[in-house]
Amino acid sequence: MNMYTKPEYRRKGIAYKTLDILVEESKAKGISAISLEATDMGRPLYEKYGFVKLNDEMELTE
């Protein structure tokens, strides 16, 4: 799955809220590990949410 926010909608919390919904739904379904690949532009969003950078991907550590 890819997540992209059009420039005119950025910095409004839309991507963060979408990510939150996806993570919470995943946890509700019993998924206990989430990892992803992030662009340089997207990395701050994921870090703010709690993902940490590994070698080539990021992982949510909760």
Side-chain angles (χ1 to χ4, degrees):
M1 171 189 298
N2 293 318
M3 188 163 73
Y4 176 80
T5 305
K6 289 185 174 185
E8 61 267 28
Y9 296 106
R10 292 180 185 158
R11 313 291 307 165
K12 299 178 187 287
I14 296 168
Y16 190 91
K17 183 61 178 173
T18 302
L19 178 61
D20 188 49
I21 291 168
L22 292 170
V23 169
E24 291 305 316
E25 285 289 320
S26 298
K27 288 179 179 179
K29 293 181 183 208
I31 295 171
S32 60
I34 301 173
S35 63
L36 55 82
E37 295 179 7
T39 62
D40 290 338
M41 186 187 311
R43 189 166 290 116
L45 166 73
Y46 300 117
E47 288 173 342
K48 180 179 175 184
Y49 196 87
F51 284 82
V52 294
K53 184 166 178 14
L54 302 174
N55 291 330
D56 295 326
E57 59 188 22
M58 298 184 79
E59 183 175 83
L60 186 59
T61 57
E62 288 187 23

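Excluded from the calculations below are hydrogen atoms, water molecules and symmetry mates; all remaining heavy atoms, backbone and side chain alike, are included.
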Members besides Y9 in its Ile/Leu/Val/Met/Phe/Trp/Tyr cluster (side-chain heavy atoms under 4.5 Å): I14

L36 side, atom CG; M3 side, atom CE - distance, nearest 0.5 Å: 8.5 Å

Where at least one partner belongs to residues 16-40, residue pairs that pass ring pair (Phe, Tyr, Trp, His ring centres under 6.0 Å), sequence neighbours excluded: Y16-Y49

Salt bridge (charged side-chain N to carboxylate O under 4.0 Å, His left out) pairs, two or more places apart, involving residues 47-57: none

Results of side chain to side chain donor-acceptor pair (under 3.5 Å) for D40 - residues two or more places apart only: R43

Side chain to side chain contact (heavy atoms under 4.5 Å, CB included) involving K29 - partner list, sequence neighbours excluded: E25

Contacts of type side chain to side chain donor-acceptor pair (under 3.5 Å), residue Y4, not counting sequence neighbours: R10

Shortest non-hydrogen contact between L45 and A15, atoms and distance: CD2-CB, 3.8 Å

In one Ile/Leu/Val/Met/Phe/Trp/Tyr side-chain cluster, 4.5 Å: L19, M41: no

Option passing side chain to side chain contact (heavy atoms under 4.5 Å, CB included) with Y46 (candidates M58, E59, E37): M58

Transitive ILVMFWY side-chain link L60 to I21, under 4.5 Å: no

